[in-house]
Amino acid sequence: MNEINIRPAIGADVPAISELVNSFAARNRMLPRSEAQVSSVLADFLIAEDDNTIIACGSLVALTVGLAEIRSVAVAEAFQGNGLGGRLVAALLELARERELDHVCALTLRPRLFQRSGFHVVDRWTLTPKIWSECVYCPKFHRCDEVAVLIHLEEPGQAMELSPRWTTLARRVPLPVLRRLGSLLL
């Protein structure tokens, strides 16, 4: 194994990113991403490469002015267990700081990866911008198995304060109504 390089993704990386992410999506470990979806947020992706081969990826997508989400963190199985996922999360957090974001969240099946970087587990309903923009369209919406994690970049460990009314509303409103509200808010 050569030295692993983490860098911003470029257009030529799109097929490999999509293939890597979708290999995990096929096992229900993350959401799938088409090449078109990857291309539309390519500026938000970082990749890790070994000997010019993409072995890991992740993206940082803005949800609001001060909140972004880390998505699509995938490490090729042959490279897992060596801290590469943590290095990628750290690089994405540095990108968030460069973009002057206040908070970064993620929905994950592997919360410990994020907790080692200073994230803490939160109720997914506190991530209202994420719920309104994407979650309401997910087929797993009412049986979500992902864990919500959040970090405050100025003071790691601080929770983001959102109105409890929005949390209560999102939990009680029927899914079709939530989807309609989400499309109106965007």
Side-chain angles (χ1 to χ4, degrees), residues 1-64 67-121 124 127 129-130 133-135 137-140 144-151 153 156:
M1 175 167 64
N2 296 322
E3 186 174 332
I4 295 173
N5 178 39
I6 296 177
R7 64 167 174 80
I10 59 172
D13 300 330
V14 170
I17 292 169
S18 183
E19 182 180 334
L20 181 60
V21 168
N22 289 332
S23 71
F24 288 96
R27 291 174 281 168
N28 203 28
R29 291 174 59 192
M30 66 176 45
L31 294 175
R33 301 286 180 205
S34 68
E35 288 187 20
Q37 288 173 312
V38 172
S39 291
S40 71
V41 292
L42 189 60
D44 297 324
F45 264 95
L46 297 179
I47 61 101
E49 60 185 354
D50 179 46
D51 198 24
N52 295 318
T53 300
I54 294 176
I55 58 170
C57 65
S59 65
L60 180 75
V61 178
L63 297 175
T64 67
L67 173 67
E69 177 189 14
I70 292 180
R71 295 182 186 166
S72 303
V73 174
V75 177
E77 294 203 22
F79 294 88
Q80 291 181 3
N82 297 314
L84 183 54
R87 285 183 55 202
L88 195 55
V89 168
L92 290 164
L93 288 175
E94 184 56 35
L95 181 59
R97 287 180 183 92
E98 289 171 12
R99 293 179 178 179
E100 299 180 353
L101 295 166
D102 298 320
H103 298 89
V104 177
C105 68
L107 288 172
T108 181
L109 295 174
R110 305 214 182 258
R112 284 191 1 227
L113 168 68
F114 291 90
Q115 288 173 306
R116 286 190 295 262
S117 295
F119 286 77
H120 59 279
V121 174
R124 75 180 174 119
L127 303 178
K130 170 67 175 170
S133 67
E134 286 198 21
C135 291
Y137 302 107
C138 180
K140 294 170 40 172
C144 182
D145 56 352
E146 293 183 315
V147 176
V149 293
L150 181 73
I151 188 170
L153 294 177

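- By the 6.0 Å contact criterion, CD on E98 is enclosed, its count of non-hydrogen atoms from other residues, nucleotides or ligands being greater than 12.
- Contacts classified as salt bridge (charged side-chain N to carboxylate O under 4.0 Å, His left out) and involving residues 23-32 (residues at least two apart or in different chains) are given here: R27-E77, R29-E77.
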key: Audit row: S72, R33, side-chain hydrogen bond (donor to acceptor under 3.5 Å, both in side chains) steps and yes/no   = CA-CA 8 Å; S72 303; R33 301 286 180 205; 3.3 Å; yes

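- Looking at H120, its side chain never comes within 3.5 Å of a backbone N or O of I151 through a donor-acceptor pair.
- The closest donor-acceptor contact from the side chain of S18 to the backbone of P15 lies at 3.5 Å or more, if one exists at all.
- Using a 4.5 Å heavy-atom cutoff, the side chains of V121 and Q115 are in contact.
- When every heavy atom of N22 is checked against every heavy atom of P32, the shortest pair comes out as OD1-CA, 3.2 Å.
- The shortest non-hydrogen separation linking L20 to F24 is O-CD1, 3.3 Å.
- Here the closest non-hydrogen pair linking A9 and I47 is CB-CG2, 4.0 Å.
- Residues C57 and V21 form a side-chain contact, since some pair of their non-hydrogen atoms from C-beta on lies under 4.5 Å apart.
- Looking at L84 and I4, their side chains come closer than 4.5 Å, going by heavy atoms from C-beta outward.
- Closest approach of L101 to L153, counting heavy atoms only: O-CD1, 3.3 Å.
- What you find for L113 and G85 is that their closest heavy atoms are CD1-C, 3.6 Å.
- Within the 4.5 Å cutoff, the side chain of P8 has no heavy atoms near those of the L95 side chain.
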Please determine whether side chain to side chain contact (heavy atoms under 4.5 Å, CB included) holds for the pair L60 and R99, giving the CA-CA distance in whole Å, both sets of side-chain angles, and the decisive distance to 0.1 Å.
CA-CA 10 Å; L60 180 75; R99 293 179 178 179; 4.1 Å; yes

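- Residues V73 and M30 approach most closely at O-CE, 2.9 Å, considering heavy atoms.
- The backbone N or O of R110 lies less than 3.5 Å from a partner atom in the side chain of T108, making a donor-acceptor pair.
- Q37 contributes atom CD, which lies 9.5 Å from atom CZ of R71 (distance to the nearest 0.5 angstrom).
- I70 places a side-chain heavy atom less than 4.5 Å from the side chain of F114.
- Proximity of V75 to I55: side-chain heavy atoms (C-beta onward) are nowhere separated by under 4.5 Å.
- A distance of 6.0 Å separates CD1 of I17 from CG of L42, quoted to the nearest 0.5 Å.
- Two residues are said to be in side-chain contact when any heavy atoms from C-beta on lie closer than 4.5 Å; E69 and V104 fail this criterion.
- Sequence neighbours left out, the pairs with a member in residues 13-26 that pass salt bridge (charged side-chain N to carboxylate O under 4.0 Å, His left out) are R7-D13.
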Report task. With side chain to side chain contact (heavy atoms under 4.5 Å, CB included) as the test, would you mind laying out the steps for S117 and L93 before giving the verdict? Result -> CA-CA 9 Å; S117 295; L93 288 175; 4.2 Å; yes

